Structure formats: structure tokens, C-alpha cells
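All values derive from a computational prediction rather than experimental measurement. Quick note: residue numbers are just sequence positions, from 1.
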Amino acid sequence: MSEEQAHANLAVPAFRTEKVPKTQTQNGHGTVWRFGGADKAAKASTVTLRGVIYMLFDNCSKDVKKTILPLGHGDPSVYPCFRTCIEAEDAVVNVLRSGKSNSYCPGAGILPARRAVADYLNRDLPNKLTPDDIFLTAGCNQGIELVFESLARPNANILLPRPGFPHYDARAVYSGLEIRKFDLLPDREWEIDLEGVEAVADENTVAIVVINPNNPCGNVYSHDHLHKVAETARKLGIMVITDEVYDQTIFGDNPFVPMAKFASIVPVLTLGGISKGWVVPGWKIGWIALNDPEGVFESTKVVQSIKQSLDITPDPSTIIQAALPEILEKVDKNFFAKKNKILKHNVDLVCDRLKDIRCVVCPKKPESCTYLLTKLELSLLDGIKDDIDFCVKLAREENLVFLPGEALGLKNWMRITIGVEAHMLEDALERLKGFCTRHTKKTDTETESPSSVENE
């Protein structure tokens with residue numbers, strides 16, 4: 001199999017020439033057509049990762065004579081070493097061949113699947129969930145969309161982490177929710193700045209988003225820190241939206257603690273799915289779980305709003321829903337261990353190679369997710385203005401795509417995808433080293449000409 005075939009599903013556009021649009025009129029008449037594309041999503045689309053990634057791809061060049069290495073976005077599923085487990089594949093095949101799941105399904109999802117998700121989450125929870133607390137979604141991203149639409153009201157604002165996952169920003173903008181940012185602190189292992197949270201919240205704040213395990217930082221929050229988050233949210237009178245889609249992608253020493261353990265303190269809405277843990281983002285199955293023993297979501301009509309939103313949105317595939325109980329119940333834990341071992345090896349590989357690249361520093365090794373955050377020491381480089389300039393020139397000169405930190409809210413940082421095959425990382429780090437060597441500032445000794453040294 002060629003490299004092009006192996007990467008056929010990657011978001012790597014072919015080199016192309018854009019067509020220049022022209023004004024269209026009806027044939028034989030001077031009347032201009034009265035319809036046109038709406039711009040409702042225009043502002044929201046400017047803060048998506050895809051826009052940044054495609055911009056960088058457009059700066060790659062076929063004249064470089066190197067294969068494009070797409071390490072700015074993450075989809076490990078396209079690589080053989082990250083293929084999902086046979087149990088998950090068999091579960092889908094069995095349902096497909098049964099012919100019993102070709103129908104429409106209820107908006108909240110079919111009962112066996114909702115029961116399976118509740119059982120899966122209940123393993124670690126003191127306050128047990130029922131199937132009525134679970135809503136199935138077409139991936140975790142649709143869960144974000146449904147929840148934000150359900151919370152949007154005039155003047156409402158939502159607290160999002162910086163750095164964070166840009167889809168939250170895009171959906172907040174699209175839903176009309178004002179965004180207020182709180183910082184994650186790199187010198188405290190990316191803990192949430194809780195004082196900062198209280199400083200930006202006001203009477204119109206509806207929720208705080210907590211991503212744990214954290215994308216893009218790769219940390220896993222401790223029990224004590226999450227308890228403090230819950231206490232802060234209760235003090236502010238807001239819910240906690242917790243994104244736990246990476247709960248099965250942990251390769252460090254800190255154990256995963258679900259935010260729902262603190263649902264007796266504050267209402268917790270959990271977003272999850274199998275896309276990251278089972279490495280099947282294309283199956284598009286996720287969930288919303290309402291952890292709320294006091295019934296706050298019911299009394300504030302959040303439940304009603306989510307159900308109404310589900311009534312007007314597409315359902316996840318009935319086939320995948322029907323396979324979900326077997327996927328969640330029969331998975332071999334060795335599959336997770338193997339996947340996470342590969343990710344840890346890739347992290348170690350990158351960190352080891354970065355020791356020879358002074359201008360790109362990894363302050364803390366990630367212990368979860370599929371990314372590694374690095375800080376750019378731009379003072380060591382000549383002619384590089386910021387992280388976007390760095391990544392654009394890297395794409396132009398090396399056909400190497402990393403994600404500039406600006407896209408995540410972290411200026412002059414850079415994110416490297418580790419959910420790829422090791423040989424791609426080795427190639428990428430060689431290209432990165434060559435790029436940084438060319439752009440490193442010369443010392444006085446290096447810039448002196450041979451004749452001037454002899455005259456001394």
C-alpha cells in the first residue's frame with residue numbers, strides 16, 4: 001500500500017487552483033438570481049481547527065518534494081497500529097447482518113444503548129444513573145451543540161478554558177452564547193485558575209466547561225482539584241459541563257476521576273463517546289449524561305430543552321446504537337493498554353528528539369489524549385514573528401503541518417499530534433530540526449567573515 005493510499009482519509013487537500021466566482025444571471029435574461037448562501041456560520045467557522053489546518057495545507061508546496069506530514073489534527077484511526085478492537089467490529093457486523101436495526105429510533109436513543117451507557121458510567125459513580133439520564137448523540141461534538149443550544153438565552157455567557165478545544169468556541173458563537181475565558185496554568189500542571197473563574201463569572205453565567213482528560217494539554221485532573229471546581233461552580237450557581245471523551249486514553253500515573261462524583265455538590269452534565277477510546281470517530285456515537293441527584297436540571301427545564309433539541313436533530317446510526325451494549329461490555333482491556341502504550345512511546349520519542357531542538361520546548365509530558373503541547377522560544381529564532389508565522393513557514397519549507405497555539409488560545413505555543421505512526425514522528429522531528437537550524441539566530445562569532453578574523 002502506498003503512503004497516499006494509507007492516508008486517503010486524512011484531511012490533506014490536493015494541490016489545486018481556486019476558481020474565481022462570477023455573477024450568475026438567468027440564461028438569456030438580465031435578472032440576477034435572488035438566492036444566495038447565508039453567512040450565519042461565517043463567524044463561528046473562523047474559530048474552527050479546520051480553517052487553520054486548511055490554511056496551513058494551502059501553504060504546503062509540491063515543489064518541496066516531500067510528502068505532507070499532517071500532524072496538526074488528530075485521527076489515529078487511519079493508521080493500522082491504532083485499529084479498533086475486533087470485539088467492536090464484530091458487534092457492528094453482527095447487528096448489521098441481523099437486519100433488525102435498519103429502522104428509525106427514538107430521539108433520545110434506543111433503550112438498550114442508553115442502559116449500556118448508564119452501566120458503563122455507573123462503575124465509578126456514587127449516585128447511579130438510569131437510562132432516562134442518558135441521551136445518545138452523533139458523536140461528542142453533537143453533544144456540545146445540543147447542550148449549547150439548550151443553554152442559549154439572551155445575555156447568557158459560558159466559561160471556556162484557555163487553551164481549549166476550539167469546537168466549544170465555534171458552537172458558542174453560533175448559538176449566541178458570550179464566551180468568557182479562564183486560564184489553565186502550565187506551571188501548575190494545567191490546573192484550572194479558579195480565582196480567574198470567579199473573576200470572569202457574573203449573574204449571566206450559565207456553565208463552566210471542564211475537559212478531563214484534557215485536550216490539548218494532556219493532563220488528568222486530581223480528585224482534590226475537581227472537588228474545588230465543583231465547590232466553585234456551586235458558589236457561582238452554574239452547572240459543570242465535563243468533556244470526558246478521552247477517559248480511555250490515559251498513559252500516565254494519575255488516575256481518571258469522573259466529574260460526576262461531585263454531582264451531590266453541583267449538577268454535572270457529562271459528554272462522552274467511543275470515538276477516542278475505541279478509535280472510531282467515524283462511527284459517530286456519543287452521549288450526554290445528566291448527573292443530578294437533586295433534580296436541578298429538571299426544575300430549570302434543561303432536560304426539556306435538550307429533549308426538544310433532540311427532536312429536530314439527526315439521530316446517531318441505529319446500527320451503531322444497537323451494537324453499543326456489546327462494544328461497551330465486551331471490550332478487551334488489553335486493547336486500551338496496547339493503544340496507550342503506543343501513545344506513551346510516541347510521547348517519549350518526541351520529547352527525546354526535542355532535546356536537540358532548543359527553540360521548541362515541552363514543559364510537561366502529556367499523560368493522556370493524543371497531543372503534545374510545546375512552547376516556542378522565538379527569541380532564539382531569526383525572522384519568525386509568532387507561532388502562526390512559525391507554522392506557516394514550516395509548512396512552506398518542509399510540508400510539515402503542526403497546529404499553532406493561537407488556534408487553541410495559547411499564543412507562541414504549538415501542538416504536535418502523537419496519534420500517528422512512530423516513523424512519521426521521526427521524519428517530522430528531523431524536518432523540524434532542519435527548519436529550526438536554518439532559522440536560528442547566528443552568534444557574533446558565526447557571523448564574522450574569515451577575513452575579519454584574520455585581520456584581528
Side-chain angles (χ1 to χ4, degrees), residues 40-41 43-44 46-48 143-188 190-212 214-217 221 224-244 259-260 262-271 288 290-306 308-309 406-411:
K40 182 180 179 182
K43 186 176 180 181
T46 62
V47 294
T48 62
I144 297 171
E145 297 162 12
L146 289 166
V147 172
F148 279 25
E149 283 293 313
S150 300
L151 294 177
R153 66 173 190 234
N155 302 318
N157 67 70
I158 191 164
L159 309 183
L160 301 182
R162 179 174 49 221
F165 177 45
H167 192 72
Y168 282 100
D169 300 68
R171 290 310 308 190
V173 170
Y174 190 82
S175 299
L177 284 166
E178 179 192 343
I179 298 170
R180 299 198 177 178
K181 292 296 184 81
F182 60 87
D183 289 320
L184 306 183
L185 306 172
D187 56 343
R188 286 166 47 183
W190 300 108
E191 284 190 347
I192 295 168
D193 179 5
L194 294 176
E195 291 183 1
V197 167
E198 293 195 41
V200 296
D202 64 14
E203 67 277 4
N204 291 316
T205 304
V206 294
I208 180 173
V209 170
V210 176
I211 305 175
N212 181 47
N214 189 272
N215 170 20
C217 302
Y221 290 123
D224 287 346
H225 186 61
L226 292 176
H227 185 270
K228 292 175 183 176
V229 171
E231 293 284 4
T232 301
R234 181 181 181 87
K235 178 180 177 182
L236 296 172
I238 61 177
M239 73 163 73
V240 175
I241 299 170
T242 178
D243 181 336
E244 298 178 353
M259 189 73 212
F262 309 100
S264 59
I265 299 173
V266 64
V268 175
L269 189 152
T270 300
L271 300 172
I288 299 169
L290 303 181
N291 305 275
D292 179 28
E294 303 300 322
V296 177
F297 287 143
E298 191 74 47
S299 63
T300 56
K301 298 186 177 181
V302 170
V303 176
Q304 176 183 334
S305 185
I306 290 175
Q308 291 167 342
S309 295
E406 180 77 13
L408 308 168
L410 204 59
K411 191 173 181 62

(message) Are the side chains of Pro161 and Phe182 in contact, using a 4.5 Å heavy-atom criterion?
(response) yes
(message) Let me confirm one number: the CG-CD1 distance from Asn204 to Ile238, rounded to the nearest 0.5 Å.
(response) 12.0 Å
(request) Answer yes or no: is there a side-chain heavy-atom contact under 4.5 Å between Lys181 and Asp169? (result) yes
(request) Check side chain to side chain donor-acceptor pair (under 3.5 Å) between Asn212 and all other residues, then give those that pass, not counting sequence neighbours. (result) none
(request) Check the pair Arg171 / Val147 against side-chain contact (heavy atoms from CB on, under 4.5 Å), numbers first and verdict last. (result) CA-CA 10 Å; Arg171 290 310 308 190; Val147 172; over 6 Å; no
(request) Determine whether more than 12 heavy atoms belonging to other residues, nucleotides or ligands lie under 6.0 Å from atom CZ of Arg162. (result) yes
(message) Test side-chain contact (heavy atoms from CB on, under 4.5 Å) on Thr270 and Ile288; report intermediate values, then the result.
(response) CA-CA 6 Å; Thr270 300; Ile288 299 169; over 6 Å; no
(request) Supply the atom-to-atom distance Lys228 NZ to Ile192 CD1, rounded to the nearest 0.5 angstrom. (result) 11.5 Å
(request) Taking atom types as modelled, find out whether Glu149 and Ser175 have a side-chain donor-acceptor pair closer than 3.5 angstrom. (result) yes
(message) Quick check: do Ile241 and Leu151 have side-chain heavy atoms less than 4.5 Å from each other?
(response) yes
(message) Would you say that Leu159 contacts Val197 through its side chain, given a criterion of any heavy-atom pair below 4.5 Å between the two side chains?
(response) yes
(message) So Tyr221 and Met259, do their side chains get closer than 4.5 Å, heavy atoms only?
(response) no
(message) Contact between Ile158 and Leu160 at the side-chain level, heavy atoms closer than 4.5 Å - yes or no?
(response) yes
(message) Students often mix this up, so state it plainly: with edges at 30° and 60°, are the rings of Tyr168 and Phe148 parallel, tilted or perpendicular?
(response) tilted
(request) Considering only NZ, NE, NH1 and NH2 on the basic side and carboxylate oxygens on the acidic side, decide whether Arg188 and Asp193 come within less than 4.0 Å. (result) no
(request) Please examine the side chains of Asn291 and Pro267, heavy atoms only from C-beta on, and report whether any two atoms are closer than 4.5 Å. (result) no
(message) Is the shortest side-chain heavy-atom distance between Ile306 and Leu269 below 4.5 Å?
(response) yes
(request) Quick one: pull up CD in Glu231 and CD1 in Ile265 and give me the separation to the nearest 0.5 Å. (result) 4.5 Å
